[in-house]
Amino acid sequence: MIPLQIKEVATKLNISPRAIRFYEEKGLISPIKQAHNQYRTFTEQDIWRLQTILSLREAGMPLESIKHALAEMDEDNIQELRYYLELQRSVLVAKWLEMKQVIETTDHMITLLKVNRTLPLEAIYKLAEGSKTLKEQRTAWKDTWHYDELAPTHDERAASHSGEYTYYEDTLNLIVKWVSAIQGEHGLDLGTGTGNLAGKFIAGGIHMSGVDQSKEMLRHSQRKYPTLEGRLGNFLAIPYLEGVFDFVVSSFAFHHLTNEQQLLALTEMRRVLKPRGRICIAGPMSSLLHLSHWFEENGYLLKQQLIHTVIPIIYAVPIR
DNA sequence: ATTCTGACA
DNA sequence: TGTCAGCA
């Protein structure tokens, strides 16, 4: 029973023959066809491949991504495969956050309805606003892939412009100094890039995790700092559960976000931070006003400075 | 009888 | 992806 026909395979895997042909059409599989009648024949490997497709699809991965993942598996490229899974994970986190938000606003509306016997118009807006924000998050995803080409030269570029490099080094060092992490703490570096900031903490014996949207950047950071726990993801959907970090830092990354997105990022930081968790952000941002506003409204004590009079840095510690 | 391709929902 | 048509 080596050569299986399409219907047999379909039955075995609980899918339709049409689905199998569809996967072939999309280039995910290429079963051999018999010369005379064009009937497809499936080998054990074909079936294993289909199983893989179904598993990844079960996890919600789009067919296009599955295609790439399979290609990496063909070449035994475990690294690449891992990053596809990481990417998939980060997408799931984003969706999870999305649902969480919707549930929260729904709960809110239920409460309003209970109290007011009617639904205020602004509540409707709020819900719409929520899903709008989510779409923006998704939009940010598409750019993810092409950042990768920058990774190999990142450190060179950071070091090239001597003046900027001074700022760069001093900025990282000041973040480390202000945060003054102690042994046993767990920190997160958002937009860790090649891991330079996280590396400084690691050098001090601190357990660090890093999030970056580029898998190439992550790869470089892992190479430089094997103990760094790198993970794919973005600022607006940090791929971690609630309350796991003692501090969150971010350098030379925040300015890529709009002000609105930055505030969203802050709420995300607070989500993954422990109750007393602190935040330190630095980089070429035009203004810190909106950030300091948010921090004050949310019960943080602030410390700010302009490094070399050009690079703003802000450190926030929860009061209490 | 079964599969295939292509069109359309 | 499901469904349907017209073939081989």
Side-chain angles (χ1 to χ4, degrees), chain A residues 1-106 124 127-148 213-216 231-234 236-237 239:
Chain A
M1 48 186 195
I2 296 176
L4 254 47
Q5 262 185 305
I6 192 167
K7 189 175 182 183
E8 302 174 303
V9 176
T11 305
K12 187 170 185 172
L13 299 181
N14 260 308
I15 55 178
S16 65
R18 178 67 175 89
I20 297 178
R21 296 194 192 98
F22 182 69
Y23 296 150
E24 180 186 350
E25 190 183 329
K26 296 299 177 186
L28 276 68
I29 54 175
S30 46
I32 298 172
K33 293 184 181 181
Q34 291 186 315
H36 48 292
N37 57 11
Q38 293 302 105
Y39 280 24
R40 294 170 177 79
T41 60
F42 296 83
T43 65
E44 311 261 345
Q45 292 185 12
D46 289 325
I47 293 176
W48 183 85
R49 202 175 172 83
L50 276 167
Q51 288 272 27
T52 307
I53 294 173
L54 298 181
S55 299
L56 294 178
R57 192 198 59 177
E58 188 70 25
M61 187 182 290
L63 284 186
E64 191 57 32
S65 299
I66 295 179
K67 181 178 177 181
H68 293 301
L70 284 172
E72 303 301 347
M73 296 178 79
D74 288 341
E75 298 175 20
D76 277 323
N77 199 338
I78 295 175
Q79 278 284 317
E80 282 298 313
L81 183 58
R82 185 200 148 186
Y83 283 118
Y84 275 105
L85 294 177
E86 286 279 357
L87 179 66
Q88 185 50 32
R89 197 200 120 95
S90 64
V91 170
L92 289 174
V93 170
K95 286 182 179 172
W96 169 60
L97 282 172
E98 190 174 312
M99 303 208 72
K100 214 175 132 182
Q101 284 182 34
V102 174
I103 290 174
E104 280 169 11
T105 57
T106 303
I124 311 287
L127 210 160
E129 194 63 26
S131 58
K132 179 185 166 192
T133 308
L134 309 170
K135 282 174 185 171
E136 289 171 3
Q137 289 183 22
R138 283 179 179 162
T139 309
W141 279 117
K142 301 221 165 178
D143 307 319
T144 304
W145 302 96
H146 305 305
Y147 260 73
D148 294 340
Q213 65 168 169
S214 157
K215 62 176 188 295
E216 285 303 322
R231 190 163 268 180
L232 228 44
N234 73 27
L236 307 183

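Every chain is numbered from 1 and lettered A, B, ... according to where its sequence line falls, protein lines coming before strand lines.
The residue among Leu63(A) and Tyr39(A) whose nearest nucleotide of DNA chain C lies closer to the 5′ end is Leu63(A).
Within the 3.5 Å criterion, the main-chain N or O of Leu28(A) finds a donor-acceptor partner in the side chain of Arg49(A). Looking at Glu72(A), its side chain never comes within 3.5 Å of a backbone N or O of Ala69(A) through a donor-acceptor pair. Using modelled atom types, one side-chain atom of Arg231(A) and one backbone atom of Pro239(A) make a donor-acceptor pair closer than 3.5 Å.
Rounded to whole Å, the distance from CD on Glu24(A) to P on dT3(B) is 14 Å. The interatomic distance linking Phe22(A) (CZ) with dG6(B) (C1') rounds to 14 Å, in whole Å. Gln38(A) places its CD atom 11 Å from the P atom of dG6(B), with the value rounded to the nearest Å. The nearest whole Å value for the distance from the NE2 atom in His36(A) to the C1' atom in dT2(B) is 12 Å. Atom C1' of nucleotide dT5(B) and atom CD of Gln34(A) are separated by 17 Å, given to the nearest angstrom. Separating the CZ atom of Arg21(A) from the C1' atom of dT3(B) is a distance of 6 Å, rounded to the nearest angstrom. Rounded to an integer number of Å, the gap from CD1 of Ile29(A) to P of dT1(C) is 11 Å. Distance, Ile20(A) CD1 to dC4(B) C1': 14 Å, rounded to whole Å.
Looking at Arg40(A) and Val9(A), their side chains never come closer than 4.5 Å, going by heavy atoms from C-beta outward.
Of the listed nucleotides (dT5(B), dG2(C), dC4(B)), dT5(B) has the atom at the smallest distance from the side chain of Lys33(A). For Arg18(A), the side-chain atoms get nearest to dT1(C) when compared with the rest of dT1(C), dT3(B), dT5(B).
Ser16(A) has a side-chain polar atom (N or O) that falls below the 4.0 Å cut-off from OP1 or OP2 of dG2(C).
Salt bridge annotation for Glu24(A)-Lys33(A): present, with a cationic side-chain nitrogen under 4.0 angstrom from a carboxylate oxygen.
Counting non-hydrogen atoms under 4.0 angstrom, Arg40(A) reaches the backbone sugars and phosphates but no base.
Pairing partner, dT2(B): dA8(C), with both Watson-Crick or wobble hydrogen-bond distances short of 3.5 Å.
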